[in-house]
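Because only heavy atoms are used, hydrogens play no part in the values below, and waters and symmetry mates are left out as well, while side chains stay in. The first residue of the sequence shown is numbered 1, and numbering continues consecutively from there. A quick note: this is a predicted structure, and the numbers were derived from the prediction, not measured.
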Amino acid sequence: MLIFGLQVVYFTLGKGVFHCPNCGGDREYRRRQGRNFFSLFFIPVIPLNKTGDEFVQCGTCKGRWHVGILEVPTTAQLAAVPALLMRLAAAQALRAGDVTHPAARDRAVAVVRQAGDAGYGPHVLDGDLGRPFDQVRAEMAHNSGSLAPEARENILRAAAEIALTDGPLSVSEEETLHAVGADLGLTRIQIGGVISLARQSTGF
């Protein structure tokens, strides 16, 4: 007696780490998609059409989620945001002025390390200085929303102090700092206040 029919088989399209809402922490996941198979004696034989949407399955609780869940940053990614934004802001401030100024370069490296990126150094800084301006701005704007306003103000102030290391702000440096502040989601009033504080602290 022949036994045949349709059977759904799920394939793994990718793997990674995501923040599982059910587990409440970072977990490994598999991105999966179902496909109908013609089966014979309950054995999938002939692949047919795909069925259903792709989904994300937690490797721990086995919960299933829409793939949009992958847009939510993991705990590890959130922890890295302050150093990332400091790194981008420092490079923007530095290249608006004298990128060869030793004290300004040293300060840029120091503030990024203090923000949590212990491996940051002059060679990495040079790489950041070579990135397209618009690309850096987009990355800053994308990541800034996860930080409190006070943290974003501190990043802008550090960038302003880097720009002030070699003397009073040039027109280019001031315009860049306003752009950095905007990308960090700060208002014009906040940006002006932060830059004024930086001027006071550096004497310029």
Side-chain angles (χ1 to χ4, degrees), residues 12-32 53-95 107-162 176-187 189-191 193-195 197-198:
T12 297
L13 306 177
K15 298 180 180 181
V17 175
F18 82 129
H19 185 83
C20 176
N22 193 45
C23 296
D26 293 351
R27 299 289 187 269
E28 292 185 353
Y29 75 84
R30 290 190 295 170
R31 186 167 179 163
R32 311 195 75 191
D53 296 327
E54 294 181 18
F55 62 90
V56 173
Q57 184 171 37
C58 176
T60 300
C61 70
K62 307 305 179 184
R64 295 184 178 185
W65 312 94
H66 185 272
V67 293
I69 195 70
L70 299 181
E71 297 297 321
V72 177
T74 64
T75 302
Q77 289 170 333
L78 286 174
V81 166
L84 171 64
L85 291 177
M86 186 70 80
R87 172 177 170 172
L88 298 175
Q92 295 287 66
L94 184 60
R95 70 175 173 181
R107 187 167 195 141
V109 170
V111 298
V112 175
R113 287 178 176 173
Q114 289 169 4
D117 190 346
Y120 197 75
H123 294 300
V124 185
L125 172 61
D126 288 334
D128 288 342
L129 291 170
R131 294 184 59 187
F133 188 77
D134 290 342
Q135 184 185 87
V136 173
R137 293 199 63 184
E139 189 170 356
M140 289 189 68
H142 176 72
N143 288 281
S144 62
S146 61
L147 293 186
E150 294 79 7
R152 288 179 270 140
E153 289 178 357
N154 289 337
I155 290 171
L156 178 60
R157 180 168 176 173
E161 290 175 352
I162 291 169
T176 297
L177 290 174
H178 276 271
V180 169
D183 295 335
L184 289 171
L186 301 176
T187 66
I189 294 176
Q190 287 174 304
I191 294 169
V194 170
I195 293 175
L197 289 173

Enquirer: To the nearest 0.5 Å, what is the distance between CD (Glu139) and CG (Leu88)?
Expert: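 Between Glu139 CD and Leu88 CG, I get 5.0 Å after rounding to 0.5 Å.
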Enquirer: List for me each residue that meets side chain to side chain donor-acceptor pair (under 3.5 Å) alongside Gln114, sequence neighbours excluded, and say none if there are none.
Expert: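 Testing Gln114 for side chain to side chain donor-acceptor pair (under 3.5 Å), a comparison that skips the adjacent residues, returns none.
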Enquirer: According to side chain to side chain contact (heavy atoms under 4.5 Å, CB included), who are the partners of Ala89, at least two apart in sequence or on a separate chain?
Expert: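 Here the qualifying residues are Met140, Ile155, Ala159, Val180.
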Enquirer: List the atom pairs, with distances to 0.1 Å, where a side-chain N or O of residues 76-85 and a protein N or O form a donor-acceptor pair under 3.5 Å, not counting sequence neighbours.
Expert:
unit_1	atom_1	unit_2	atom_2	d
Gln77	OE1	Thr74	N	2.8
Gln77	OE1	Thr74	OG1	3.4

Enquirer: First locate atom CZ of Arg152, then atom CG of Asn143, and finally report the distance between them rounded to the nearest 0.5 Å.
Expert: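 Nearest 0.5 Å value for the CZ-CG distance: 12.0 Å.
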Enquirer: Got a sec, which residues hit side chain to side chain contact (heavy atoms under 4.5 Å, CB included) with Glu71, two or more places apart in sequence or on another chain?
Expert: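 If we apply the side chain to side chain contact (heavy atoms under 4.5 Å, CB included) test to Glu71, skipping adjacent residues, there are no hits.
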Enquirer: Residues in side chain to side chain contact (heavy atoms under 4.5 Å, CB included) with Leu129, at least two apart?
Expert: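 Counting only residues at least two positions away or on another chain, Leu129 forms a side chain to side chain contact (heavy atoms under 4.5 Å, CB included) with Ala91, Leu94, Arg95, Val99, Arg105, Leu125, Asp126.
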Enquirer: Drop me the distance from Arg27's CZ to Phe18's CZ, to the nearest 0.5 angstrom.
Expert: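 One gets 9.0 Å once the value is rounded to the nearest 0.5 Å.
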Enquirer: Look up atom CG in Leu13 and atom CZ in Phe55, then write down how far apart they are to the nearest 0.5 Å.
Expert: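 Going from CG on Leu13 over to CZ on Phe55, the span is 9.0 Å.
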Enquirer: For Glu150, enumerate each residue passing the side chain to side chain donor-acceptor pair (under 3.5 Å) test, keeping only those at least two apart in sequence or located in another chain.
Expert: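 Per chain and number, Glu150 pairs via side chain to side chain donor-acceptor pair (under 3.5 Å) with no residue.
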Enquirer: Quick one: list whatever passes salt bridge (Lys or Arg N to Asp or Glu O under 4.0 Å) with Arg113, sequence neighbours left out.
Expert: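 Once residues adjacent in sequence are excluded, Arg113 has no partner under the salt bridge (Lys or Arg N to Asp or Glu O under 4.0 Å) criterion.
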Enquirer: How close do Pro73 and His19 get, counting heavy atoms only, and between which atoms?
Expert: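 That closest heavy-atom pairing would be O-CB, 3.9 Å.
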Enquirer: Mind checking side chain to side chain contact (heavy atoms under 4.5 Å, CB included) for Val194 and listing every partner two or more places apart, or none if nothing turns up?
Expert: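 Per chain and number, Val194 pairs via side chain to side chain contact (heavy atoms under 4.5 Å, CB included) with Glu153, Leu156, Arg157.
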Enquirer: Can I get a per-line list of side-chain donor-acceptor pairs under 3.5 Å for residues 62-70, giving both atom names and the distance, sequence neighbours left out?
Expert:
unit_1	atom_1	unit_2	atom_2	d
Lys62	NZ	Gly59	O	3.2
His66	ND1	Gly68	N	2.9

Enquirer: Working to the nearest 0.5 angstrom, can you tell me the gap between Glu28 CD and Cys20 SG?
Expert: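 Answer for the CD-SG pair, Glu28 versus Cys20, is 12.5 Å.
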Enquirer: With sequence neighbours left out, write down each residue that passes side chain to side chain donor-acceptor pair (under 3.5 Å) with Arg87, or none if nothing qualifies.
Expert: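 Per chain and number, Arg87 pairs via side chain to side chain donor-acceptor pair (under 3.5 Å) with Asp128.
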Enquirer: Got a sec, which residues hit side chain to side chain donor-acceptor pair (under 3.5 Å) with Thr60, two or more places apart in sequence or on another chain?
Expert: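 None.
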Enquirer: Who are the salt bridge (Lys or Arg N to Asp or Glu O under 4.0 Å) partners of Arg32, not counting sequence neighbours?
Expert: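 Expected list: none.
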Enquirer: Give the minimum heavy-atom separation between Gln190 and Gly185, together with the two atoms involved.
Expert: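 Heavy atoms only, the tightest pair is OE1-O, 4.5 Å.
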Enquirer: List the atom of Val112, the atom of Ala90, and the distance in Å for their closest heavy-atom pair.
Expert: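 Closest heavy-atom pair between Val112 and Ala90: CG2-CB, 4.3 Å.
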Enquirer: Quick one: closest heavy-atom pair of Ala93 and Leu177, and the distance?
Expert: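 For Ala93 versus Leu177, the nearest heavy atoms are CB-CD2, 4.3 Å.
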